[in-house]
Number of protein chains: 2
Amino acid sequence: MTQMLTQTLNTKTMNTRIGGQIAPAHSLTDQFGAITGHVGLLATEFSYRKDEEIYGEDEPAEYVYQVVTGAVRSYKLLSDGRRQIGAFHLPGDAFGLESVPAHRLAAEAIIDTTVRLVKRASLEKAAGTDVQVARKLWAITAGELRHAEDHMLLLGRKTAMERVATFLLEMDRRLAVAGMMALPMCRRDIGDYLGLTLETVSRALSQLHAQGILGFSGARHIVLRNRQRLHNLDS
Amino acid sequence: MTQMLTQTLNTKTMNTRIGGQIAPAHSLTDQFGAITGHVGLLATEFSYRKDEEIYGEDEPAEYVYQVVTGAVRSYKLLSDGRRQIGAFHLPGDAFGLESVPAHRLAAEAIIDTTVRLVKRASLEKAAGTDVQVARKLWAITAGELRHAEDHMLLLGRKTAMERVATFLLEMDRRLAVAGMMALPMCRRDIGDYLGLTLETVSRALSQLHAQGILGFSGARHIVLRNRQRLHNLDS
DNA sequence: CGGTGGATTGATGAGCATCAAACGATGTGG
DNA sequence: CCACATCGTTTGATGCTCATCAATCCACCG
């Protein structure tokens with residue numbers, strides 16, 4: 001099981017730079033900075049290599065994280081190894097924030113990744129005196145809930161093609177630079193995010209390519225050529 | 001579409017009493033009381049008939065609710081009428097709490113239902129001065145997120161039988177009285193919650209019945225006779 | 001330039017959806 | 001009070017979507 005999901009640890013960083021810098025501070029995506037900046041908390045940086053675990057499911061939630069560069073997947077496993085990825089975390093995104101003492105999903109670096117982190121306890125403490133911080137923590141969790149609710153609709157009711165179209169539009173929104181997106185994750189990750197197999201994901205992408213809706217520059221660099229038609233497929 | 005989902009409005013209350021009283025105040029389930037009691041907010045009561053809409057998707061979130069008696073479904077629709085129910089709300093449960101100004105799922109009474117409600121604005125105001133209230137609102141949203149994360153795993157990766165087993169154990173935990181559960185919702189609701197058709201739900205229940213894992217007293221009154229075997233099926 | 005992990009493509013089949021009909025329970029009107 | 005209408009549930013027959021198994025293919029890296 002672990003074997004099935006664990007690919008080549010100890011590999012060097014890919015030479016093509018995938019995953020950009022952290023989002024500018026104006027944006028909704030840098031929710032974390034709004035806290036640490038405001039309260040003047042000490043934020044440390046730490047790096048993880050590709051496929052390295054950041055924390056495990058049900059592990060004590062000692063830290064809260066923010067992606068600086070790289071990408072992270074949060075997931076749950078069934079006992080036989082089936083995996084559901086609940087979210088991808090990209091530069092600027094906070095993750096690992098819990099209102100209870102344990103993490104509910106595991107987290108791994110998808111590629112070499114640098115994070116900023118603060119102790120959960122210090123955030124809790126700040127929230128206990130500063131109501132603005134408390135409000136911000138709630139907003140982060142509420143944002144994750146919104147994503148999860150949208151994703152339940154996708155997993156429960158959308159067809160394979162609709163799921164892939166939704167995924168492409170989400171990634172386009174979140175990480176496209178100059179109309180091109182550089183996906184940090186492999187087809188298996190995408191499948192485990194969308195509740196599909198990697199083969200089904202690949203077939204859907206090939207079909208969209210054949211219809212001219214997207215273009216490839218290598219399997220992980222995708223250009224959307226017709227967002228309107230993707231929106232239609234999205235249902 | 002609306003037609004497909006709307007069944008017999010204006011029907012009388014069922015004579016079998018389904019859905020119990022509100023949970024005692026000690027419990028984790030009465031999260032709402034902990035707030036309204038603490039802050040001394042004015043909570044009104046209101047009733048909805050079976051299948052009546054409480055609020056629609058993307059409607060302004062003016063109130064926050066708590067089920068007193070009855071049951072509520074929260075759901076999203078695709079444009080062609082496919083529906084995903086994100087959660088069932090039972091007596092004691094809060095619902096409709098948002099950190100943004102609009103509801104992201106619609107809510108309907110499953111059976112005749114009474115709710116307690118408070119204005120969202122007054123909760124926000126209380127949270128602005130009382131950090132305990134702010135903490136409680138966060139905890140409610142975090143609890144909903146946890147449920148959604150578990151449900152994503154179910155929708156993305158579990159088989160039909162595993163989904164039904166998980167559902168039965170959830171409902172057993174939440175509404176069983178004296179070993180018996182009186183389900184307020186129909187097979188279609190269960191299917192739309194589990195990402196299945198009503199026929200598949202019915203077949204799974206029949207199979208569990210044939211194996212002696214559960215007993216029926218009418219389609220909606222179920223007794224679990226072997227929770228251990230259900231847990232095994234749950235994967 | 002060869003090696004390796006990831007991606008694509010193909011062949012086949014299983015699980016669940018769909019379509020259809022019968023059954024059952026609940027409430028109504030004669 | 002019983003026959004009937006109605007809505008919900010069960011059960012059956014069939015087919016489609018997507019999973020599985022398998023074989024290249026391709027990009028990236030040493």
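Just so we're clear, the structure is a prediction, and the values are computed from it rather than from any experiment.
Side-chain N/O atoms of A/Arg188 include none lying less than 4.0 angstrom from OP1 or OP2 on C/dG6. Proximity of A/Arg220 to the phosphate of C/dA7: a side-chain N or O atom is located under 4.0 Å from OP1 or OP2.
The distance between atom CD1 of B/Ile222 and atom C1' of D/dT10, rounded to the nearest whole Å, is 13 Å. Between the NZ atom of B/Lys50 and the C1' atom of D/dT6 there is a distance of 13 Å, given to the nearest Å. Computed from coordinates, the B/Arg187 CZ to C/dA17 C1' distance equals 18 Å when rounded to whole Å. Atom-to-atom, CG of A/Asp189 to P of C/dG6 comes out at 10 Å; the value is rounded to the nearest Å. Taking atom NE2 on A/His221 and atom C1' on D/dC28, their separation rounds to 12 Å, with Å as the unit. Distance CD (A/Glu162) to P (D/dC18): 9 Å, rounded to an integer number of Å. C/dA7 atom P lies 16 Å from atom NE2 of A/His209, rounded to whole Å. Straight-line distance from the CE atom of A/Met185 to the P atom of C/dG6: 15 Å, rounded to whole Å.
Within a 6.0 Å radius of CZ in A/Arg146, other residues, nucleotides and ligands contribute 12 heavy atoms or fewer.
Salt-bridge annotation for B/Arg73 and B/Asp51: present, with a side-chain N of the basic residue lying under 4.0 Å from a carboxylate O of the acidic one.
Tested against B/Phe95 for a side-chain contact (heavy atoms from CB on, under 4.5 Å), the candidates B/Leu90, B/Leu105, B/Val115 yield a single pass: B/Val115.
Between its opening and closing five pairs, the helix from C/dC1-D/dG30 to C/dG30-D/dC1 changes axis direction by 30°, a value rounded to 10 degrees.
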Protein heavy-atom contacts under 4.0 Å, written 5' to 3' over nucleotides 10-16 of chain C as B (base), S (sugar-phosphate only) or - (none), form the string BB----S
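Comparing D/dT9, D/dT10, C/dA7 against the side chain of B/Phe216 picks out D/dT10 as the nearest. Proximity note for B/Cys186 (side chain, C-beta onward) versus C/dA7, D/dG8, C/dG6: the nearest is D/dG8. Looking at the side chain of A/Ser202, the nearest of the listed nucleotides D/dG8, C/dT9, D/dT11 is C/dT9.
In this structure, B/Phe216 and B/His209 have perpendicular ring planes: the angle between them is above 60°, well past the 30° mark.
With rounding to the nearest 0.5 angstrom, the CD1 atom of A/Ile222 is 6.0 Å from the CG atom of A/Leu214.
The salt bridge (Lys or Arg N to Asp or Glu O under 4.0 Å) contacts involving residues 201-216 of chain A comprise nothing, where partners must be two or more places apart or lie in separate chains.
For the residue pair A/Thr166 and A/Lys158, a side-chain donor N or O sits within less than 3.5 Å of a side-chain acceptor on the partner.
Formation of a donor-acceptor pair under 3.5 Å by the A/Gln66 side chain with backbone atoms of A/Ala94 is not found in this model.
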Under the criterion ring pair (Phe, Tyr, Trp, His ring centres under 6.0 Å), I'd like the reasoning laid out for A/Tyr193 against A/His151: C-alpha separation, chi angles, the key distance, then a yes or no. CA-CA 9 Å; A/Tyr193 180 59; A/His151 211 58; 4.2 Å; yes
